[in-house]
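Counting convention: from 1, in listed order, for ligands and their atoms alike.
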Amino acid sequence: MKRKIWIDCDPGIDDAVAIAVAIAHREELDILGISSVAGNQTIDRTTGNALKLTSFLGAMDIPVARGSACPLTREVVPAPEVHGATGLGDCRLPETEKKPVPEPGVAYMAKVLLALPEGEQATLVPLGPLTNIALLFRVFPEVKEKIKEICLMGGAAVGGNVTPTGEFNIWQDPEAAKIVYSSGLPIIMCGLDVTQSCGFTREHVRQLKESAQDVARAYGEMEDFSFNKTVYREREVVAVHDAVTITYLLHPEWFEGRKMQVEIDCSEGHNRGMTVCDHRRPPREEDKVLVLLKADVEKVQAFWMEALLGFVS
Ligand code: BDR
Ligand code: CA
């Protein structure tokens with residue numbers, strides 16, 4: 001049976017790659033829907049990008065639900081310096097007639113998950129701040145029974161990217177992250193420890209840009225923006241954080257990690273948004289978070305290239 005997934009995202013260049021890799025594997029993944037959240041860009045832009053991406057990738061049938069416009073307790077702090085003014089670098093995707101579903105994102109997500117047949121569960125794949133997932137658990141706690149696990153991009157066992165200890169998705173909404181991490185559900189944490197090394201080289205980007213296919217060229221353009229106009233200018237590899245989640249679900253054998261107790265720092269101090277991972281002792285039964293620590297990067301890169309180059313216009 002196909003694995004059922006729900007993608008919650010803030011596209012976002014690397015979110016866009018994750019969506020493409022998932023859509024390239026619809027024979028193995030039943031994508032129940034995609035919800036947008038404010039993060040890399042405003043909710044209008046992330047929702048618009050999710051609609052345009054699913055249309056461009058030939059997946060008009062995947063419902064897109066508009067999620068929260070801001071984190072639980074604060075205003076959103078978008079990242080145009082990483083993802084550009086639209087969220088997708090300088091890439092201009094074709095306009096689409098597709099509209100979001102009429103219900104609020106969290107209500108729609110609950111409706112779809114609660115309608116799963118008896119005994120069936122889905123995997124949540126959050127790729128942005130955890131606002132929608134926290135609201136889902138608070139408003140519809142019964143939905144947890146329909147969730148097998150949460151495979152998310154966020155946090156780090158060591159270090160951060162927005163602050164010395166804060167990773168963007170968790171830092172943007174630590175209160176939401178705390179609700180999700182204490183939900184009792186199994187979590188696979190694809191954090192910076194593994195996502196920083198999983199990315200495209202300039203050679204990969206050249207191949208995408210020179211493809212005869214529209215999809216590969218569009219993604220080449222997005223990644224080119226990262227290499228030319230962001231912090232990645234000086235680096236060899238542009239991280240594609242969010243796509244690690246989908247890759248782990250399809251190829252867990254390419255990754256190593258260990259279960260740890262993870263707490264979220266919601267203080268107002270230097271470490272706000274830190275995922276405090278307890279390395280000190282062997283994993284215990286009650287540790288619910290599998291923290292990924294290592295990946296077979298070449299296999300991951302080849303998998304992503306195959307997915308992107310495989311979309312034929
Ligand atoms: C995360 O932050 C966002 O900018 C990316 O889309 C990714 O989800 C990496 O820290
Ligand atoms: Ca993201």
Side-chain angles (χ1 to χ4, degrees), residues 5-22 34-43 45-50 53 64 67-68 71 76-89 91 105 124-133 150-174 176-177 180 187-200 219 222-223 225-227 229-232 235 237-248 264 272-275 291-292 295 300 304:
I5 65 167
W6 181 283
I7 300 175
D8 182 76
C9 59
D10 60 338
I13 295 174
D14 56 328
D15 303 73
V17 178
I19 291 170
V21 175
I34 296 181
S35 44
S36 56
V37 67
N40 287 324
Q41 262 302 342
T42 60
I43 192 65
R45 296 203 173 113
T46 59
T47 309
N49 289 343
L53 283 163
V64 169
S68 181
V76 66
V77 185
E81 69 287 0
V82 184
H83 297 272
T86 66
L88 298 179
C91 176
L124 293 186
V125 188
L127 309 175
L130 289 161
T131 321
N132 289 337
I133 313 299
I150 303 171
C151 182
L152 62 84
M153 192 285 135
V158 180
N161 55 2
V162 200
T163 69
T165 53
E167 179 282 325
F168 181 84
N169 290 340
I170 306 293
W171 172 86
Q172 189 81 233
D173 197 346
V180 174
I187 293 180
I188 298 137
M189 176 170 135
C190 308
L192 298 175
D193 315 283
V194 71
T195 67
Q196 288 280 28
S197 58
C198 292
F200 290 128
Y219 277 83
M222 288 181 218
E223 298 299 341
F225 171 89
S226 305
F227 265 140
K229 301 196 177 163
T230 75
V231 287
Y232 290 103
R235 303 194 196 163
V237 168
V238 55
V240 186
H241 308 277
D242 291 340
V244 171
T245 55
I246 300 292
T247 311
Y248 174 83
I264 310 295
R272 180 170 167 80
M274 180 179 182
T275 44
V291 181
L292 299 191
V300 172
W304 293 347

Point to revise | Metal site angle (apex the Ca ion (ligand 2)), OD1 from Asp10 and OD1 from Asp15, 10 degrees | key: 80°

Study note, to complete from the structure: A student comparing Gln196, Glu167, Gln41, His83 should find that the heavy atom closest to atom 1 (C) of ligand 1 comes from Glu167

Point to revise | the Ca ion (ligand 2) to nearest N/O/S of Asp14 below 3.0 Å | key: no

Point to revise | Gly39 N/O/S atom closer than 3.0 Å to the Ca ion (ligand 2) | key: no

Are any of the N/O atoms in [X] less than 3.5 Å from those in ligand 1?
X	result
Asp15	yes
Asp10	no
Leu192	no

Mind checking whether [X] and [Y] have side chains closer than 4.5 Å, heavy atoms only?
X	Y	answer
Trp6	Ser35	yes
Asn161	Trp171	no
His83	Asp14	yes

Practice item. Could you give me the CA-CA distance, side-chain angles and deciding distance for Val180 and Ile264, then say whether side chain to side chain contact (heavy atoms under 4.5 Å, CB included) is met? Key: CA-CA 10 Å; Val180 174; Ile264 310 295; over 6 Å; no

Practice item. Check Ile13 against ligand 1 and report side chain, backbone, both or neither, counting heavy atoms closer than 4.0 Å. Key: neither

Review point. What part of Val82, side chain from CB on, backbone N/CA/C/O, both or neither, has a heavy atom under 4.0 Å from ligand 1?
Key: neither

Exercise for review: Answer with yes or no whether the side chains of Asn132 and Ser68 bring together a donor and an acceptor at under 3.5 Å.
Suggested key: no

Check your understanding: atom 8 (O) of ligand 1: which protein heavy atom is closest, and how many Å away?
Key -> Asp242 OD1, 2.6 Å

Practice item. Give the residue, atom name and distance (to 0.1 Å) of the protein heavy atom nearest atom 3 (C) of ligand 1. Key: Asn40 OD1, 3.1 Å

